[in-house]
Amino acid sequence: MAVPLLRTLILYFAVIAAVRLMGKRQIGELDPSELVITILVSDLAAVPMQDLGIPMFAGLVPIATLIVLEILLSWIALKSRAFRRLLNGQPAIIIRGGQLDIPKLREMRLTTDEIIETLRKQNVSSVSDVKYGVIEPDGTLSVILKQPQQPVTAEMLGITPKDTGLPLVVVSDGKLVRRSLRLLQLDPKDIENRLRNQSLAVSDVFLMTLDDCGNSFIQRKEKR
């Protein structure tokens, strides 16, 4: 039992490392080349994991080769716009001025039901509300609404809302998060003083977030 367990752990961490090297993306946002690499890597890892007669390097070497290939292709695509279009495709406009581009839908083999469902997920009630609808290379639908349907902004209302920054977790389950403190250029005493003003100690806090504008959120631990 020790041998298959060890092989499984090694291959598991190899696949995790491979995915990390590919970059941070959600599965639904992978480009075609990245999706192919992901599928192949998982299949290559599964074979030596299941068959103990196959040397483990028979899985690790192809995985490493595919990842090197993916990094190389990504670098070439970064340098060459033409190669990037060849590898991943390019955006396609399927909605113009509130009307579906029927030939483009047929070319991309998209149904009207799929378009309406995607619009609903973006809180768009009608195709007529959309000025432009674009299918991105990763398959997602981006929409630009017509001016009357665009959400109201503070600039339109002539007001200046309170400034906000990027909230970072500074206390998690009663413990200080040192990395967040370094990013905010604070030390533990700054957080302790903030909490002391609210009659709290660090150990009393389940979650505390703080941004670079001084805005904070604090949730106490539940009393047992």
Side-chain angles (χ1 to χ4, degrees), residues 11-12 14-50 59 62-157 161 164 166-167:
L11 289 166
Y12 170 77
V15 173
I16 292 294
V19 173
R20 288 294 302 272
L21 287 171
M22 286 175 59
K24 296 184 178 181
R25 292 224 196 182
Q26 298 179 8
I27 294 301
E29 297 177 351
L30 294 177
D31 291 328
S33 63
E34 295 172 329
L35 180 59
V36 170
I37 295 293
T38 302
I39 294 172
L40 289 176
V41 165
S42 61
D43 286 343
L44 287 169
V47 174
M49 194 181 296
Q50 297 171 351
I63 288 175
T65 302
L66 286 174
I67 295 306
V68 171
L69 177 62
E70 168 61 23
I71 294 174
L72 178 61
L73 292 177
S74 298
W75 182 83
I76 296 174
L78 186 64
K79 299 295 182 180
S80 171
R81 183 178 180 85
F83 182 78
R84 184 164 63 249
R85 288 187 173 184
L86 176 65
L87 188 66
N88 299 322
Q90 54 186 331
I93 300 176
I94 62 169
I95 303 175
R96 294 175 184 270
Q99 296 291 317
L100 291 168
D101 187 331
I102 298 175
K104 183 63 69 174
L105 288 179
R106 290 174 177 167
E107 177 187 332
M108 304 189 70
R109 296 184 298 281
L110 293 171
T111 67
T112 53
D113 289 338
E114 291 173 326
I115 301 303
I116 297 302
E117 178 185 349
T118 306
L119 290 176
R120 285 200 303 266
K121 289 179 179 179
Q122 300 193 36
N123 296 320
V124 179
S125 58
S126 174
V127 175
S128 61
D129 295 337
V130 180
K131 185 176 182 179
Y132 290 107
V134 183
I135 297 292
E136 306 293 354
D138 60 13
T140 58
L141 175 63
S142 301
V143 297
I144 299 176
L145 297 174
K146 292 181 178 179
Q147 189 172 3
Q149 278 72 40
Q150 291 178 2
V152 177
T153 64
E155 183 180 4
M156 295 177 183
L157 297 175
T164 58
L166 176 65

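What you see is a predicted model, and the numbers here were worked out from it, not measured in a lab. Values reported hereafter were calculated over all heavy atoms of this structure, with side chains retained and with hydrogens, waters and symmetry mates removed.
Here OG of S74 is found 9.0 Å from CG of L69. Values are rounded to the nearest 0.5 Å. Note that CD1 of I67 is 10.0 Å distant from CG of L40, once rounded to the nearest 0.5 Å. The CD atom of Q122 lies 12.5 Å from the CG atom of D129; values are rounded to the nearest 0.5 Å. Put simply, CG on L145 and CD on Q150 are 6.5 Å apart, with the number rounded to the nearest 0.5 Å. In this structure, the separation between OG1 on T112 and CG on L119 is 11.0 Å, given to the nearest 0.5 Å. Separation of atoms CE (M108) and CD1 (I115) is listed at 8.5 Å; rounding is to 0.5 Å.
Between L44 and L66, the closest side-chain pair of non-hydrogen atoms falls below 4.5 Å. Considering only heavy atoms from C-beta on, V152 comes within 4.5 Å of L157 through its side chain. Between I135 and L110, the closest side-chain pair of non-hydrogen atoms falls below 4.5 Å.
K146 places a side-chain N or O within 3.5 Å of a backbone atom of S128 that can act as its donor or acceptor partner.
Just one of V127, V134, V130, L105 meets the side-chain contact (heavy atoms from CB on, under 4.5 Å) condition when paired with I94; it is L105.
Checking E114 against T118 by side-chain atom types alone, no donor-acceptor pair falls below 3.5 Å.
A salt bridge links E107 with K104: the distance from a Lys NZ or Arg NE/NH1/NH2 to an Asp or Glu carboxylate oxygen falls below 4.0 Å.
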